[in-house]
Amino acid sequence: MLRYTFNRLASLIVSLAVASLAIFFVIEVVPGDPASYMLGMNAQPDTVAALRADLGLDQPRIERYLSWITGMLSGDFGTSYTYRTPVAQMVADRLWITVPLALYALALSLLIAFPAGIYAAARRGKPGDTMVMGATQLGVAVPNFWFAMFLVLIFAIRLRWFNAGGFAGWDKGLFAGLHSLTLPAIALALPQGAILARVMRSALIDVLGEDFVRTARAKGLSRRQALWRHALRNALIPVLTIVGMQVSFLIAGTIIIEQVFYLPGLGRLIFQSISARDLIVVESVIMLVVFAVIVINFLVDLAYAAVDPRLRSRT
Amino acid sequence: MTLLSIDALSLSIRGFPILRDVSLTVAPGEIVAVTGESGSGKSMTAFSVMQLLPEGTETSGRILLDGTDLLQQTEPQTCAIRGRDVGMVFQEPMTALNPVKTIGAQVAETMLIHRAMSPEAARTRAEEVLARVGLPQDRFPLSRFPHELSGGQRQRVVIAMAIALKPRLLIADEPTTALDVTTQAQILDLLKQLVAEDGMGLLMITHDLAVVSGMADRIVVMQKGQVVETGPTAQLFRNMQHPYTRMLFAASTHKVALPKAPPPKPLLEIRNVVRAYRTPRPHPFARPGRFEAVKGVSFTLQRGERLGLVGESGCGKSTLTRALLGLEPVQGGDILFDGKPILTRGTVDASIRRRMQLVFQDPYGSFNPRHRVDRLITEPFHLLDDAPTGSARQKTIDEALTAVGLQPADATKYIHEFSGGQRQRIAIARALIIRPDIILFDEAVSALDVSVRARILDLIADLCGTYGLTYLFISHDLSVVRSVTDRVMVMQSGQIVEQGPTEQVFSAPSHPYTRTLIDAAPVLPEIA
């Protein structure tokens, strides 16, 4: 188990290093100079040059990369070109919306997927299964921003249970915060939950056909007991893979959903920074997102080992 | 007194009849073997007793266990009977256990699910019963996972689960088919011992008449869903009434007539071949370990010779085969074909590769289901520089199919349209089509029913006459190797421990391991 964790950790560090290089150099080759963008069309070349020097943009690339990375490691994400405020502060403020939103959506997605997938698998081929599969088919097919608009129409405009957009702020209390994140979280969670429910169902159906489920039934377990005690944990292995992948989709999904619901989160920050050529912010936020995704995949790898003893004894 | 009495059982799945009017009985302490070929309904009979049947199954008749009709029980009542009154052991020990639960938890579950005892008592009982099936606690603690055990050990765990609550009836469905011959002998002894000590009735399903003859008190022979003959073992073997029983027996003891081999002239020479693998590093900075699957093997295959290779799983047979075909690099030694090394800079020369072909074990998995037969059997053509085209190609296909007893018209069919035996004929046609110098048969008849196997072995013998085949026949089945080879090699732990003329090795083995193998193999009684 120690070896396994060590190997996974090593691969996490390598992934992060490669990702940071890729992010930095891809953004470097994107056209558009931040300094001339900040000063406007009519800026004098020497003013632009002075600002470039001020921002450190005249340094060699490799040095800028190293100072970016070492800065990030010590919590200094640099200063936004446009707002002239520390990036760390801007990101921290917005993390308080995006992270709870993604986790909320993930929780909802699991809450949809597990019961639906297990129910459908246990009633394979029966009307209940057909209904769940029909519903998830719809969930997979419809994009989340359309769900978002639909939810706003029903629950915000017609029923007036929720606000159509904006964030109340955590200082108004946990409930107020979660309340303003509920519709966006549902919009994010529905398609992901539908995909996961289908994966859960097919994984369970596969496992229910395995010999060891028959062995369990021969010991006297009922169909239901065999499903819960033997099939479920084995079916979790493919499901975990998809959950790990979905986290990155959820984080990317917040970019659109935060626009639709007018939430001042990371997604909006990326969107605005890209339009403003605020490269240092873009780099930092993307690096953060990549970091989150890689860490989550590391956790998924550890979860595999927790579920499957065969992995623990291997490398 | 009877324990189990199956009375006029008929069964159909979605209207398709599977069993017709099956009747049999098992008394306490009695071993009853149900035998027959695939599709005879023997496993379905066993699953009917367990009431573990596929959806859409309709049954009629009665299955009485101590007077209780199992067909009339509700599902919860049946669950209470399964595992407590009737235990079951399955064919495939590698997949019969849940990979994510410990063996202790899985054995104890039998007790817990029937609320027979407290969790502590269930643990103690699990320890006892595992020790009883030959897995003592000091070497096999309850915390072991299935993947840490061998196939035979896993089958012992399955048996422990089945007998944990001392059921009155034990059903064993091909319990040793997936096991090596020495492991098979141990498991059969264990089952016999359990029946003798506990007075359980044992209903054993097996296709292997030799196993039946050494085990069963009574035999039930099934064909196409019906019981065709039944009787006490010795009496039934002495006085077989039904033609199907006689056919089964004849096929099991089938001897083929191999034409005489030509005078020896070396074709394939293996000299001190070593195939080693790197094993994982014990810790990140350690040197990787080394495992030798083939440890310096040497032998010569003469032109026109039929050579056998026997050994148990993991002995290195398959690794050696892959190395011979140049599919795997070797770490030492030479493989010479007609005096030339087959590997030039790590790859096989196409001019040599085309002179060797392989027939695999699994007639179901070794064909692409989306290709027609003509495309399947002409696959080796890519090895040729001047593969026949047009009418010459068609003629070659027709010849190859005819040679293996199929019709030229079969060329346009898909593989799913053929039975297992026909598929193995197609596999042989695929190997023959480019007239290789050597064919490697890797467990080529192991997945077939005895009657089909007998016909395939006859076909191979015929082809020896027509084409003067040279082959290496790899198998775990001693009786098959004995009938189709001139010379045999016995492999153990990566080494060839004995080789010699087949009859001599089998009748007077010199190595203790060969003797163990021959003694462990079940044999049919001699019938005058």
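Order of the sequence lines sets the chain letters (A, B, ...), proteins ahead of strands, with each chain counted from 1.
Annotation: ring pair (Phe, Tyr, Trp, His ring centres under 6.0 Å) contacts of A:Tyr65 (sequence neighbours excluded): A:Phe24. Residues passing the salt bridge (charged side-chain N to carboxylate O under 4.0 Å, His left out) test with B:Arg84: none are found, sequence neighbours excluded.
Between chain A and the residues B:Gln51, B:Met161, B:Glu109, the largest count of heavy-atom pairs under 4.5 Å involves B:Glu109. The candidate from B:Leu165, B:Ile171, B:Asn98, B:Thr95 with the greatest count of non-hydrogen atom pairs under 4.5 Å with chain A is B:Asn98. Each of B:Pro167, B:Ala96, B:Gly83, B:Pro76 has some count of heavy-atom pairs under 4.5 Å with chain A, and the biggest count is that of B:Ala96.
Heavy-atom distances place the side chain of B:Leu52, and not its backbone, under 4.5 Å from chain A. Neither the backbone nor the side chain of B:Val89 comes within contact range of chain A; no heavy atom of the residue lies under 4.5 Å from a heavy atom of that chain.
Between atom CZ of residue A:Arg224 and atom CD of residue B:Glu75 there is a gap of 12.5 Å, rounded to the nearest 0.5 Å. Separating the CD atom in B:Glu55 from the CZ atom in A:Arg124 is a distance of 8.5 Å, to the nearest 0.5 Å.
Under a cut-off of 6.0 angstrom, the local environment of CZ in A:Phe291 is sparse, with at most 12 non-hydrogen atoms contributed by other residues, nucleotides or ligands. Counting non-hydrogen atoms of neighbouring residues, nucleotides and ligands closer than 6.0 angstrom, the OH atom of A:Tyr104 exceeds 12 such neighbours. In B:Met117, the CE atom is crowded: over 12 heavy atoms of neighbouring residues, nucleotides or ligands sit closer than 6.0 Å. Under a cut-off of 6.0 angstrom, the local environment of CD in B:Gln77 is crowded, with over 12 non-hydrogen atoms contributed by other residues, nucleotides or ligands.
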task = Decide side chain to side chain contact (heavy atoms under 4.5 Å, CB included) for B:Glu148 and A:Arg310; before the verdict, give the C-alpha distance in whole Å, the side-chain angles of both, and the deciding distance to 0.1 Å.
result = CA-CA 9 Å; B:Glu148 298 168 316; A:Arg310 287 166 294 188; over 6 Å; no
message = side chain to side chain contact (heavy atoms under 4.5 Å, CB included), that's the test. Do A:Arg229 and B:Ile113 meet it? Break it down for me.
response = CA-CA 11 Å; A:Arg229 290 172 180 229; B:Ile113 207 76; 3.7 Å; yes
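Smallest separation of non-hydrogen atoms from A:Pro309 and B:Pro99: CG-O, 3.2 Å.
Within the structure, side chain to side chain donor-acceptor pair (under 3.5 Å) contacts touching residues 113-125 of chain B (residues at least two apart or in different chains) are B:Arg125-B:Glu128.
Proximity to chain B among residues 190-223 of chain A is limited to A:Asp211, A:Phe212, A:Arg214, A:Thr215, A:Arg217, A:Ala218, A:Lys219, A:Gly220, A:Leu221, A:Ser222, judged by heavy-atom separations below 4.5 angstrom.
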